[in-house]
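I have placed the structure first, in the form of structure tokens, so that the comments after it can refer back to it.
When a ligand or atom number is given, it counts from 1 through the structure's own listing order.
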Amino acid sequence: EKDGYDWFMRKEIFEQPRAVADALLGRHTASGQLQLDEVRLSDQELRDIDKIIIVGCGTAAYAALVAKYAIEHWCRIPCEVELSHEFRYRDPILTRNTLVVAMSQSGETADTLMALRHARTQGSKVLAICNTNGSTIPRESDAVIYTHAGPEIGVASTKGFLTQLVACYLLGLYLAQVRGTKFGDEITSVVHEIAAMPAHLERVLAGADDIYALARDFVDARTVLFLGRHAGYPVALEGALKLKELAYLHAEGFAAGELKHGPIALIEEGLPVFCVVPPRGRDQLHDKMVSAIQEIRARGAHTIVLAEEDDDEVAPYADRLIRLPKVPTLLQPVVATVPLQLFACELATLLGHDVDQPRNLAKSVTVE
Ligand code: BG6
């Protein structure tokens with residue numbers, strides 16, 4: 001049951017520290033070595049992979065985008081992301097050395113099932129990342145990584161998404177371990193960062209009241225934009241999707257670098273724009289994002305900035321600041337998505353919508 005929460009979705013948002021811990025449980029040794037016995041592909045088969053294509057729909061496709069960034073960086077294997085329903089109709093190039101990853105919380109999404117069937121007819125190996133034991137997609141796959149989020153009742157995915165991210169990180173690190181593209185201690189250090197996520201998430205959730213206040217302030221918004229770059233780009237897409245699904249609000253996510261190529265024309269006085277700021281690092285990602293925020297603020301946008309807690313450089317350009325725990329860039333989606341889930345859940349509640357059963361949507365779409 002809902003354990004005192006008004007919605008299953010809100011309950012599931014607050015279950016995320018536990019869900020993320022469960023997704024990691026038993027999958028690494030104390031020293032950070034990955035153990036993914038359930039990936040029933042031999043080390044040789046894993047070494048032979050020369051391309052990965054991840055297929056999924058909706059939220060699952062956004063988790064796939066994060067996976068692409070992580071897997072290419074850690075494993076140096078070309079990795080594509082494709083919406084399941086576009087995949088087989090464009091005659092994709094598949095060989096026996098292509099690994100197709102079918103990403104599906106429910107394991108029953110027909111579009112994704114058809115994509116994996118097509119991949120198998122071409123001789124490719126299919127690995128499912130799935131939350132539902134014994135569902136059709138893992139049953140028809142060569143291997144499966146279960147996400148262990150527990151049952152997700154709310155139609156809009158929350159803990160399903162965060163645990164998909166963890167499963168993707170585990171897959172990427174496991175491939176890096178088997179293929180030797182990362183040193184053991186580098187893998188260990190990322191595993192330890194993932195192990196710290198539940199505690200980080202508790203802190204993000206402790207700030208829920210501030211996010212609810214934000215939702216009250218923007219209850220009359222007609223459009224909300226989301227900007228991110230690198231691993232923050234899928235977060236922007238997910239933030240916008242949640243608002244569409246739950247609040248029936250026009251919302252769009254953009255890669256921040258794309259702004260000047262078009263979307264900046266949309267910026268007008270008072271427009272709420274969520275900006276997911278990458279951690280400060282060696283590259284220029286952070287500074288480029290800060291410049292983008294300056295640009296839109298100069299044009300009157302109301303900037304709602306999600307940034308590392310001690311990021312003083314961006315603070316002057318934030319009309320509202322949401323502080324995120326310090327984590328590596330590739331892992332930031334785990335913590336950055338949660339305030340956006342809370343915002344959408346609260347805004348939809350204030351608008352009087354049924355958060356668990358949004359109009360026109362189904363939890364799993366079993367028709368193509
Ligand atoms: C949609 C759901 O129709 O299916 C989304 O409403 C979900 O929330 C998408 O992200 C994909 O579902 P699944 O189960 O394949 O991950």
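Against a heavy-atom cut-off of under 4.0 Å, Ser104 is close to the following atoms of ligand 1: 13 (P), 14 (O), 15 (O), 16 (O). Residue contact check: Thr59 has heavy atoms under 4.0 Å from atoms 10 (O) of ligand 1. Within ligand 1, counting atoms from 1 as listed, the ones closer than 4.0 Å to a heavy atom of Val155 are 6 (O), 8 (O). Short contacts between ligand 1 and Val365, defined as distances under 4.0 Å to a heavy atom of the residue, involve ligand atoms 3 (O).
Looking from atom 16 (O) of ligand 1 to the surrounding protein, the closest heavy atom is Gln105 N, 2.7 Å. The protein atom (non-hydrogen) at minimum distance from atom 1 (C) of ligand 1 is Ala362 O, 4.1 Å. If you check which protein heavy atom lies closest to atom 12 (O) of ligand 1, you get Thr109 OG1, 3.5 Å. Protein heavy atom in closest approach to atom 5 (C) of ligand 1: Glu245 OE2, 4.0 Å. At the top of the distance list for atom 4 (O) of ligand 1, counting protein heavy atoms only, stands Lys363 O, 4.3 Å.
Checking Glu152 against Ser157 by side-chain atom types alone, a donor-acceptor pair falls below 3.5 Å. No hydrogens or angles considered: a donor-acceptor pair under 3.5 Å links the side chains of Glu238 and Thr59.
Evaluated by nearest non-hydrogen atom to atom 11 (C) of ligand 1, the leading choice among Ser157, Ala110, Cys57, Gly160 is Cys57.
The residues Glu368 and Arg117 are annotated as not salt-bridged, no charged nitrogen and carboxylate oxygen being separated by less than 4.0 angstrom. Salt bridge present: Glu45 and Lys125 bring a charged side-chain N and a carboxylate O closer than 4.0 Å. The pair Arg10-Glu346 counts as a salt bridge, with a side-chain nitrogen and a carboxylate oxygen less than 4.0 angstrom apart.
No part of Ser364 comes within 4.0 Å of ligand 1, judged by heavy-atom distances. Residue contacts with ligand 1 for Glu108 are absent, since no atom lies close enough (heavy atoms, distance under 4.0 Å).
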From CA spacing to verdict: ring pair (Phe, Tyr, Trp, His ring centres under 6.0 Å), Tyr233, Tyr69: CA-CA 11 Å; Tyr233 169 42; Tyr69 284 55; 7.6 Å; no
Would Val190 and Tyr169 satisfy side-chain contact (heavy atoms from CB on, under 4.5 Å), going step by step from the backbone distance to the final call? CA-CA 9 Å; Val190 183; Tyr169 297 139; 5.8 Å; no
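Proximity of a side-chain donor or acceptor of Arg40 to a complementary backbone N or O of Asp142 within less than 3.5 Å is detected. With hydrogens and angles ignored, the 3.5 Å screen pairs no side-chain donor or acceptor of Arg88 with any backbone N or O of Ala115.
Backbone and side-chain nitrogen or oxygen atoms of Ser106 are examined, and one is located within less than 3.5 angstrom of a nitrogen or oxygen of ligand 1.
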